[in-house]
Amino acid sequence: MLDMNFIRENPDKVRWMLEVRGVDADLDSLLEWDRRFREATTKVNELRHRRNVVAESIPRVKDSEEKRKLIEESREINRRIKELEAERREALRRRDEIRLLIPNMPRPSVPIGKDEDDNRVVREWGEKPTFNFPVKSHQDIGEDLDIIDFTRGSRMAGTGFYVLKGDGARLERALINFMLDLHKEQGYIEIFPPILVKPEAMTGTGQLPKFKDDMYWCERDDLYLIPTAEVPVTNLHMNEILSAEDLPIYYTSYTPCFRREAGRHLYEKGVIRVHQFNKVELVKFSLPEESDEELEKLTADAEEVLKRLKLHYRVVQLCTGDLGFSSANTYDLEVWMPSFETYVEVSSCSTFTDFQARRAKIRFKRKAHLESEFVHTLNGSGVAIGRTMAAILENYQLEDGRVEIPKVLRPYMGGQEVIEKPEKRITLFKS
RNA sequence: GCUGAGGUAGCUUAGCCAGGCCUAAAGCGCCGGCCUUGAGAGCCGGUGGCGCCUUGCGCGCCGCGGGGGUUCAAAUCCCCCCCUCAGCGCCA
């Protein structure tokens, strides 16, 4: 959420932002409701003042006739306040209804552009692997090695769910542990948060109200399954005032993530777009003046995962038209997928400046006597597990169908070096 | 899930039963000033949000977990919800 004073004083900047993001929001109505809200606020304040003066004088008045008159006046004022107050609240409600749908202001470095074609490739690391045999997709590899079971996953939970088995499940677990250990080295504190959270938390990080349909909701308890650890970890400090000397704070968190992907086409088969996936997340709380630099460092920390796994990737800075709702600047990490012959996003590292902090009321003080200010929040995947596993299966595949295990993961898999076809497969009964 | 006790400013606490000089007191922390060679102590003042304009060392409103209600008047009385703690129940 943008600062109301900023919107009021810089309507042209906000209008420009909506333009370059390609977002349609009714800024004129917002400003009009704001004007009406402030007008009504002033009137209500004047009436309340009069009422307070009258109410205060009543116990001092001895004459009962005069007292009766004052009480009557007070009652009349209350009637008028009630009317005006209704107007005031309606104007505020309408104003903030629109304001909650206004996206964040991009940082100056963000390229102007319409869609993903205008994103800027910032850097590349490593080289595309070459194969002297026909490459297989991670779906086929997963099924051939009997480590990913799409059929049984969707049978019990529907499309968009899959089951990991044997070395597949172990590899997933190895990736989680490898990433968490790496991020601990990099100075992040590990968090294991609630996976279900209240609507306030979802509003704090910006998922609500705009993306309600993209999330799983438990109606009975009014709780939402988290779409990313960003939600519970950022809200760790909601409604708090932190000390400047504690900033920046670095957190890392492994959680499952749940996304309905409403109205979106799910890939026929595969782990790229699914309803449930695992992710290790990085979250930072920083001083406003340090957040741009912290984003660069956070991105580098996420990149380190891919470097150690020796996976070819590139870093892309999103243009204004492709930037997420709450983000002020985003770098996507995209890993090379041989079977797709393209890059797939495994991480999205963003700074939200004070946008989330204002919603979630995460503040800090530099000195006890100074005003509290909003912190800057940042986060990025470090990185998405399922997609990374897919990238490993494809990039590390061998001609004989086996898959080599990246060296850094071997200690997490009891020293195992390759994933082989299982000796035994659980098959259906055949007569 | 039940019962009880709680939630007050950056923090710690009083006020609540008996509604009204409550302008929410006090302490701590922090900032400024006085004093001092300097520091400390001491003393004085400041230290939440919003709105308004004559932008003044201004005026007003709001603010006591959140939301309603009663009343001329609510931190205080009533109702609903959230959270914390203790005990009981249930349970991986």
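Letters A, B, ... are given to chains in the order of the sequence lines, protein chains preceding strands, and every chain is numbered from 1. Just the heavy atoms: all of them, side chains too, but no hydrogens, waters or symmetry mates, feed the values below.
Closest approach to the A:P59 side chain among B:G20, B:A73, B:G10 is made by B:G20 (side chain taken as heavy atoms from C-beta onward). Of the candidate nucleotides B:G60, B:C62, B:G51, B:G51 has the atom lying nearest to any side-chain atom of A:R38. With B:G60, B:C83, B:C52 as the choices, the nucleotide that has an atom nearest any side-chain atom of A:K198 turns out to be B:C83. Minimum atom distance to the side chain of A:H369 is reached by B:C31, of the listed B:C61, B:C31, B:G51. Closest contact between the side chain of A:R89 and the listed nucleotides B:C52, B:A73, B:G67 involves B:G67.
Following rounding to the nearest Å, A:R36 (CZ) and B:C50 (C1') show an atom-to-atom distance of 21 Å. With rounding to whole Å, A:R75 atom CZ is found 8 Å from B:U71 atom P. Protein atom NZ of A:K67 is 11 Å distant from nucleotide atom C1' of B:G20, rounded to whole Å. When rounded to the nearest whole Å, the span between CG of A:N239 and P of B:G7 equals 18 Å.
Contact annotation for A:L70: no contact, since no heavy-atom pair falls under 4.0 Å across all strands. Using a 4.0 Å heavy-atom criterion, one finds that A:R60 contacts no nucleic acid atom at all.
Aromatic ring pairs are classed by plane angle as parallel below 30°, tilted from 30° to 60° and perpendicular above 60°; the pair A:F161 and A:H275 is tilted. In this pair, A:Y162 and A:F150 present their aromatic rings tilted. The plane angle is within the 30 to 60° band.
The phosphate of B:C62 (OP1 or OP2) has a side-chain N or O of A:R51 nearer than 4.0 angstrom. Dashed line: the shortest gap from a side-chain N or O of A:R8 to OP1 or OP2 of B:G51 is under 4.0 Å.
Between A:Y251 and A:H237, the gap from one ring centroid to the other is short of 6.0 Å.
Across residues 215-235 of chain A, not one residue has a non-hydrogen atom less than 4.0 Å from an atom of RNA chain B.
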